[in-house]
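Take a look at the structure below.
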Amino acid sequence: MFYLLAIFLPLIGAAMTGAFGNRLGNRPAQMMTVIPMLLSAALGCLILAQVGFAHREIETVAINWFSSGALEVSWAFRFDTLTAVMVFVVTMVSAMVHVYSIGYMAHDPHVPRFMAYLSLFTFFMLMLVSADNFVQMFLGWEGVGLSSYLLIGFWYKRETANAAAIKAFVVNRVGDFGFLLGILGVFLVFGSLDFDQVFAGSPDIAGTNFNFLGFETDILTTICILLFIGAMGKSAQIGLHTWLPDAMEGPTPVSALIHAATMVTAGVFMVARLSPMFEYAPIALAVVTVVGATTAFFAATIGLTQTDIKRVIAYSTCSQLGYMFFAIGVGAYPAAIFHLMTHAFFKALLFLGAGSVIHGMSDEQDMRKMGGLWSKMRVTAVLMWVGSLALAGMPFFAGYYSKDIILESAFAAHTGLGTYAFWVGIAAAAMTAFYSWRLIFMTFNGPTRADAHTYDHAHESPPVMIAPLIVLALGAIFSGWLGFEYFVGHEMEHFWNGSILMLGEPDIIEAAHHVPEWVPLLPALVGVAGIALAFLFYKMMPTLPARVAGGFGFVYRFVFNKWFFDELYEKIFIRPAFRLGHGLWKGGDGQVIDGVGPDGVAAGVKNLAAGAVRLQTGYLYHYAFAMLIGVVGLVGWYLITVFGGGAG
Amino acid sequence: MGVLTDISVIWPELFLAIWIMVMLMIGVFRGDGFGAPIAWFAVIGFVMTGFFVLTGPIDLAFNGQYISDKFAVFSKMLILLGAGLTVMLSFGYNKREGTGAFEMPILLMFAVLGMLIMVSANNFITLYLGLELQSLSLYIVAAFRRDNLRSSEAGLKYFVLGALSSGLLLYGISLVYGYSGSVDFGVLETVIADNLSGAAAPPLGLVVGLVFVLSGLAFKISAVPFHMWTPDVYEGAPTPVTSFFAVAPKIAAIALIARVLIGPFGDLVAQWQQIVTVLAIASMALGAFAAIGQRNIKRLMAYSSISHMGYALVGLAAGSQKGIQAVLVYMAIYLFMNVGTFACILAMRRQGRMVEDIDDLAGLSKTNLGMASALAIFMFSMAGIPPLAGFFGKLFVFLAAVESGLVVLAVIGLLASVVAAFYYLRVIKLMFFDEPVESFDRPAGSEITSIMTLSAIVTLFFLVGLGPVYSSAGAAARSLFGL
Amino acid sequence: MTVAALFFYLFAALLIGAGFMVISARNPVHAVLFLILAFFNAAGLFVLVGAEFLAMILVIVYVGAVAVLFLFVVMMLDVDFAEMREGFLQYLPIGSMIGIILFIELVMVLGTWVIAPDAAQIVAAPIPDASVTNTEALGRLIYTEYVYFFQAAGVILLVAMIGAIVLTLHHKPGVKRQNIAEQVARRPETAIEIRDVKPGQGV
């Protein structure tokens with residue numbers, strides 16, 4: 001029962017805070033959310049221990065939710081290793097973020113609302129990862145989307161925050177639409193939305209075709225691609241990634257929790273959860289690989305040039321999610337989930353560290369106006385170092401283990417796409433190292449570029465913010481080392497206990513352990529090279545970047561402007577959509593629907609009413625005449641219908 | 001069958017007639033100042049008559065000229081209740097406006113006597129006599145404020161058009177008699193059943209006679225196109241008289257129509273169903289549309305009652321036992337909604353003078369929340385918003401129509417009620433969201449306040465008492481079908 | 001029979017002609033006179049079918065009372081009938097159209113007239129044989145079988161009377177009226193007061 005408690009504690013916290021928070025004040029509101037969250041995190045650890053290591057697997061059907069015809073949906077929870085890992089990550093990071101928020105949001109006038117949203121988000125996320133059927137998953141899916149919208153737009157008085165919130169929501173809707181279509185397809189094909197039944201049916205369905213507009217199309221592939229579109233939206237993969245950088249308008253703890261550690265990984269989780277379907281749809285997996293690898297590379301290039309500290313990290317998130325996807329694409333689901341976990345730790349660490357910097361610098365986010373903060377906030381700097389090392393994949397930090405196994409898997413796949421993913425991944429790894437250290441150098445080293453006032457007031461964050469950072473840093477250092485054997489090492493079979501299906505023979509992970517010597521070394525080497533380059537650019541020769549940018553003007557602008565995705569979308573989708581919307585509003589809704597509908601009917605009613613009033617002339621003989629006409633009409637009606645009809 | 005049995009059957013009417021004579025004598029000899037006590041005595045008379053109606057035997061009297069069945073009992077109770085309440089509403093008004101002559105309650109009692117005779121009619125002559133007794137009394141009370149031009153005009157219009165409708169009715173009766181050789185309902189029923197059951201087309205003369213009879217009766221319930229008198233008479237007549245008009249005569253007339261159609265002409269249902277459908281649609285539609293353009297609340301109520309009669313006719317058009325049951329329930333609900341609304345209208349006094357414009361209600365919620373809430377309840381109920389009484393009335397009527405296959409009629413009814421909701425809601429909007437004008441005189445009078453409250457409670461919690469009303473209406477409907 | 005038929009057509013034609021003149025005569029006094037003519041012809045028709053009581057009643061009540069009353073009213077009220085007729089032409093087309101339709105309908109009704117086969121048997125009160133007079137036959141019915149109707153009709157007449165009084169009788173305060181009873185009951189003691197007026201003092 002405490003499994004469910006872990007999920008519902010955040011909801012209880014959110015509900016209580018939402019209902020009473022404003023009346024009770026900030027402190028009780030914080031307590032009401034943080035304490036349930038910490039409890040939930042403790043339970044999360046316990047769940048991981050029981051399910052992952054002691055192999056207790058639980059499925060709980062709570063109650064029948066709704067049944068409509070053949071569709072029957074229950075409230076059902078599935079706790080297998082995959083879920084346990086996710087629950088562990090989510091509750092852990094969420095608890096840290098909750099604690100951190102106490103300090104970070106101390107000066108905000110809407111603390112209770114913020115805390116309630118955070119807990120609500122956590123609940124939905126847990127709902128998503130523990131779902132045992134598509135509908136419940138979709139509920140969590142939409143729930144996290146909603147919470148994300150609320151949190152991005154938390155500072156609703158900022159126009160940019162509202163715009164970003166709407167953008168995030170709309171772009172996610174595109175993905176969700178794919179997801180929804182996928183779910184409908186699943187129901188159509190399998191006649192059920194329960195994971196067990198769908199998974200059991202997948203092998204039989206694999207290879208069957210259906211006719212779509214005259215083309216023979218593979219059913220399972222179609223469904224999987226539709227579902228993957230949903231994952232792309234949530235996980236900000238290329239094409240649907242544009243919302244993620246903008247989402248940085250939200251408060252930094254939000255960015256750490258939602259847009260780095262948890263929600264954006266929902267897509268990865270979802271595909272891993274549905275591995276029994278994707279495994280039978282190789283074409284869909286190929287698509288996943290290409291999209292993932294391309295995103296990893298493309299986001300990394302953009303990260304090179306950004307100057308907003310949070311945006312750099314945001315693009316890095318995007319890129320790391322790409323890694324996870326192409327790991328899935330080549331069939332290395334455990335590697336993807338492993339990276340998901342380690343990434344959650346070090347990325348949350350980086351974000352919260354960045355938040356600490358921003359907090360210390362009076363809400364300054366532009367790295368060009370930082371520098372020299374090393375002396376002001378040493379703890380934060382050290383923690384950021386840890387995070388960046390982990391991100392860059394330096395040996396013995398968490399990122400090293402997970403990223404390596406991903407790249408090895410890609411190499412070991414020995415397919416064209418796998419090789420593509422491998423080399424693109426290597427390039428991205430180099431860039432990752434470069435931009436993350438660029439961030440470190442620009443922020444903490446060198447002479448300061450901040451104005452004197454801000455710099456003087458720059459200060460270390462309070463302990464309540466530092467403590468969570470330390471916990472996360474421990475995770476960033478040790479989680480890879482500790483988890484390696486279980487997630488992807490020799491204990492793997494045991495650990496996953498069938499929660500992920502891998503068809504490849506021989507096992508791809510197994511193959512990944514037997515790649516040539518240079519393969520595991522290469523990522524670390526390019527990482528070091530990247531760091532060295534960053535050191536050269538930003539520490540040794542600060543004028544170099546400008547010169548390079550000038551020299552490769554076109555490339556720089558292309559990358560700096562994020563490959564012109566936003567502009568492209570603006571031209572292709574947004575403007576025409578606006579024009580269409582405007583047209584439909586003015587012409588369609590205003591003139592046709594309102595004109596014929598409400599307005600037209602109202603006007604018609606008014607005319608009729610006026611006519612009816614005019615009938616009432618007040619003259620007696622008119623009245624009498626009306627009666628006579630009535631009688632004559634009724635009799636005439638008879639003669640025509642009854643008798644006329646009968647005779648004729 | 002001795003005379004005494006006959007007398008025991010018609011005792012309620014006989015008692016009321018004697019009561020009226022006694023009151024008339026008292027009034028004549030005590031003079032004009034005795035109006036108010038006689039109004040009280042009228043109410044007491046209604047109560048006692050109601051008692052006799054309830055306890056009286058269920059039988060035919062005078063060779064089948066008179067019938068007392070459960071249907072008659074149910075209708076009579078509604079009539080007496082409506083009449084009693086509206087007479088009570090008139091106390092304060094009569095005192096102030098100088099319409100307190102003792103003839104007023106006497107005439108209202110005569111009208112009620114006519115109604116009782118109507119609903120117990122089992123013969124066209126009884127029907128006609130009851131109808132005329134009722135109508136003649138109403139013509140006079142409509143014109144009661146003879147110094148007021150509008151009142152006189154209302155009385156005259158009502159009289160002339162009523163005479164025309166009586167002419168139509170008599171012509172129709174003569175055609176029916178010409179075919180069958182009888183005016184007795186029972187005999188007519190057997191004649192029609194013997195000769196026409198299964199016939200493709202009944203004789204034209206009989207059906208045209210039926211059309212004329214229906215037209216004459218439709219005038220009494222102000223069904224379109226025989227409704228023209230209604231707004232003018234409602235507006236012109238003294239307000240308590242209008243409230244009387246709106247309730248008791250409508251119940252009596254609809255009961256009468258039900259009896260005529262289901263009884264003697266029950267086998268011609270295919271024929272009259274069409275007429276009733278046309279009348280229902282026309283009434284609902286015109287009532288809904290014309291009311292939108294009204295500024296005077298009494299005229300508004302006139303159109304409102306026209307459309308309500310349309311809904312009642314929908315149940316009648318169903319031609320089934322369920323339909324009649326629905327009509328009776330509808331009329332019971334209609335009674336309370338109307339009495340309550342008119343209590344509110346009678347409370348619309350400003351510096352001693354009656355005001356009748358809808359705009360005078362503006363901002364009432366700020367000056368008199370109780371009255372505004374009561375009126376809002378009545379308006380919501382008339383608009384058919386659940387869970388108020390009016391909703392159930394419409395629900396049963398439409399259900400009955402749908403069960404009889406008149407889906408189109410039910411749909412039109414629904415659409416009309418949507419349109420009608422507009423003007424009911426407008427009144428509520430005026431009361432609750434507009435800036436207040438000068439407040440009304442207070443207190444409104446204890447009878448008015450208590451009747452307003454009573455009606456509001458009944459309307460609001462009708463659901464509680466729905467069961468008994470529904471089942472007794474069902475018993476009444478069954479008795480009409482001879483079951 | 002031929003003589004009776006001849007008279008029937010005579011009366012009927014005159015009745016319809018008179019009825020038409022009632023509504024078309026320009027002078028309202030003429031209209032009322034035509035109405036009286038119509039009553040007479042109707043009475044003639046009643047006599048033809050052997051309902052002499054009804055015929056006499058028609059003449060006495062309608063001609064003798066109602067129509068004469070009409071005549072008085074029409075002559076007393078100075079109604080400008082020319083003005084009332086102004087709208088006549090305006091409504092003529094639609095009015096005549098409705099009239100024609102109604103006429104056609106009624107012709108169709110009469111053209112297809114059917115009587116129920118057993119109508120003759122079920123007539124409630126069959127015509128008695130010639131030994132009983134009209135008056136007696138009606139009287140027997142009205143006061144026995146139809147007493148309920150008779151009483152109801154009586155109540156209606158009472159209402160009509162009350163209505164006429166209520167709507168027309170004005171009790172104006174301050175108007176001196178003759179009260180016979182009071183006059184008769186007058187005694188010298190109540191009517192005369194004897195005052196002893198002393199010279200030079202006044203009353």
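In what follows, every chain begins at residue 1, and chains take the letters A, B, ... in the order their sequences are listed.
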Check: Contact part of B:L14 toward chain C, heavy-atom cut-off under 4.5 Å: side chain, backbone, both or neither?
Finding: neither
Next item on the list: Find the one option among B:T190, B:L113, B:V187, B:L136 whose heavy-atom pairs under 4.5 Å with chain C are most numerous.
Entry: B:L136
Margin query: Can you confirm whether C:Q183 is buried at CD, in the sense that more than 12 heavy atoms of other residues, nucleotides or ligands lie under 6.0 Å from that atom?
Written below: yes
Next item on the list: Could you tell me which portion of C:L106 (side chain, backbone, both or neither) has an atom closer than 4.5 angstrom to a non-hydrogen atom of chain B?
Entry: side chain
Checklist line | Side-chain donor or acceptor of B:E103 paired with backbone N/O of C:L167 under 3.5 Å | finding: no
Item checked: Greater than 12 external heavy atoms within 6.0 Å of C:Y62's OH -> no
Notebook entry, point to check: If you count heavy-atom pairs under 4.5 Å between each of B:I125, B:V183, B:V208 and chain C, which one has the most?
Noted result: B:I125
Item checked: C:F70, CZ: over 12 other non-hydrogen atoms inside 6.0 angstrom -> no
Note to self: Given heavy-atom pairs under 4.5 angstrom as the criterion, report whether the side chain, backbone, both or neither of B:Y179 touches chain C.
What the structure shows: both
Next item on the list: Check the angle between the aromatic planes of B:F62 and C:Y148 and answer parallel, tilted or perpendicular using the 30° and 60° thresholds.
Entry: parallel
Check: Heavy-atom distance under 4.5 Å to chain B: side chain of C:L158, backbone, both or neither?
Finding: side chain
Checklist line | CD-CG distance between C:E105 and B:L204, expressed to the nearest 0.5 angstrom | finding: 9.0 Å
Item checked: Contact leader toward chain C among B:G205, B:G178, B:A143, where contacts are heavy-atom pairs under 4.5 Å -> B:G178
Checklist line | Closest heavy-atom pair and its distance - C:G163, B:I140 | finding: CA-CD1, 3.2 Å
Next item on the list: Would you mind checking which part of B:D184 comes under 4.5 Å of any heavy atom in chain C, side chain (CB onward), backbone (N, CA, C, O), both or neither?
Entry: neither
Notebook entry, point to check: Among C:L110, C:V147, C:I156, C:V155, which has the most heavy-atom pairs under 4.5 Å with chain B?
Noted result: C:I156
Next item on the list: Nearest 0.5 Å please: distance from the CG atom of B:N123 over to the OH atom of C:Y146.
Entry: 7.5 Å
Note to self: As an exercise, state the distance from OH of B:Y177 to CD1 of C:I115, rounded to the nearest 0.5 Å.
What the structure shows: 10.5 Å
Check: Hey, is CZ on C:F11 packed in by over 12 heavy atoms from elsewhere, all under 6.0 Å?
Finding: yes
Check: In terms of heavy-atom pairs under 4.5 Å, which option from B:M21, B:Q65, B:E132 contacts chain C the most?
Finding: B:Q65
Notebook entry, point to check: Side chain, backbone, both or neither: which part of B:I20 has a non-hydrogen atom closer than 4.5 Å to chain C?
Noted result: neither
Next item on the list: Measure distances from B:L129 to the heavy atoms of chain C and classify the residue's part below 4.5 Å as side chain, backbone, both or neither.
Entry: both
